[in-house]
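First the structure, in the form of structure tokens, and then the observations on it.
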Amino acid sequence: MSFDGSPPLVSLADYERVATERLGEQAASYIFGGAGEEITLRDNFAAWRRLALLPRMLVGVGRRDPSVELLGVRRPHPVLIAPTAFQRLTHPEADVATARAAAATSTIMCLSTLASTSPSALADAVPEATRWFQLYVFADRGVTREVVAGAAEHGYEALVVTVDRPVLGVRERELSSQVRSLTVEGLTDAFKSTGPATPADFTAVIDPDLNWSDIERFVAESPLPVLVKGILTAADARLALEHGAAGVIVSNHGGRQLDTVLSGADALPAVVDAVGDQLDVLVDGGIRRGTDVIKALALGARAVLVGRPILWGLGLGGAEGVQRVLELLLAEVDNALALVGAPRAGDLDRTMVARAPWG
Ligand SMILES: Cc1cc2nc3c(=O)[nH]c(=O)nc-3n(C[C@H](O)[C@H](O)[C@H](O)COP(=O)(O)O)c2cc1C
């Protein structure tokens, strides 16, 4: 993909650069922004770069296999599409375009509770995409139960309960560019908008008192495996295990919630040490290169999620743009597996990563 005869976009960084130039002010500030001084936002990216790779030679890398086992199912590769709200702000085809790209690249797509497309409409439009559903728990538990039942009924394969957004982070870019006019399909009972809605309006319907017994209830009531998204400590990972979760996603919400928390890369090892042999541990935040993906796997993650780069692709080229972003990242993963001397994703381990001297 290229623009106006300019050189083709060959990395996610190229997509970021052009998206910065071309997305409108509201979409750009919503997508790019983080909380507070954006220290965590920047460090999410930097932390993967503070890790050096220690490649092995002469292991035979002619045949490579990036597949991983996730929730007991073998998946063709370790990259997932992170849930992101309000994709229509970025492109009119929104989640449907993203799901088409997911299907074309065998990537699992996580649909946000605050998506521009309802779970049922997305399932009807792109039934061939493998979908997980991300849940924000509403104060109205009747609506929450309906949303969860709807996801299971429409073929979503896991429930990702996001727990790091009891209140909205202090997002100054969103506030100063007055992000509004947001819409969510399929939640009319939970959210009756009287005018252009802002991220804060949607946050008002989310339950700030969510606790571990709620997680246990979702596990008991939902036919789907439950992953807890937004874990940053070993202690919380152990609680997720005790309360029946099938997995945890080490995440700081893309640096959009509490500023100065640890990056995914730095929080991951302690979580893997605590629960990695009993739960699937995934990680997100700042993943922009194939080398980031293999470092995450080497530290013990089963898979990674990618947020903003998907939106850069969506904004610049709809389904084709998202597909290209995923293909670029997956090609880099394949290249990195060969060059680090781990032809199968399962060959990666902690001996292959170290603190970088330049960090
Ligand atoms: C614009 C935007 C919207 C997001 N919306 C949601 C959401 O609705 N639910 C959720 O659990 N996480 C949401 N996230 C967080 C992502 O799922 C993910 O944790 C984060 O973006 C990963 O970091 P990255 O963007 O650096 O890849 C959002 C992130 C962004 C950038």
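Predicted model, so just to flag it, every value in this text is computed and none were measured. Whatever order the structure lists them in is the order used to number ligands and atoms, beginning at 1. These numbers come from the heavy atoms of this one structure, side chains and all, not from hydrogens, waters or symmetry mates.
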Might you list the protein residues in contact with ligand 1, defined as having a heavy atom under 4.0 Å from one of its atoms, sorted by chain and number?
-> Tyr30, Ile31, Ala82, Pro83, Thr84, Ala85, Ser112, Gln134, Tyr136, Thr162, Lys229, Ser251, His253, Gly254, Arg256, Asp284, Gly285, Gly286, Arg288, Val306, Gly307, Arg308, Leu311
Do the side chains of Leu305 and Trp132 get nearer than 4.5 Å, heavy atoms only?
-> no
Arg64 meets the salt bridge (charged side-chain N to carboxylate O under 4.0 Å, His left out) criterion, sequence neighbours left out, with Asp334
Looking at Arg49 and Asp292, does any basic side-chain N land under 4.0 Å from a carboxylate oxygen?
-> yes
Show me, pair by pair, the donor-acceptor contacts under 3.5 angstrom made by side chains of residues 150-162, not counting sequence neighbours?
unit_1	atom_1	unit_2	atom_2	d
His154	ND1	Gly150	O	2.8
Tyr156	OH	Pro119	O	2.7
Glu157	OE1	Arg75	NH2	3.0
Thr162	OG1	Gln134	NE2	3.0

Sequence neighbours left out, what passes side-chain hydrogen bond (donor to acceptor under 3.5 Å, both in side chains) with His253? Give chain and number order.
-> Tyr136, Asp164
Between Arg308 and Tyr15, is NZ or CZ placed under 6.0 angstrom from the six-membered ring centre and within 45° of the ring axis?
-> no
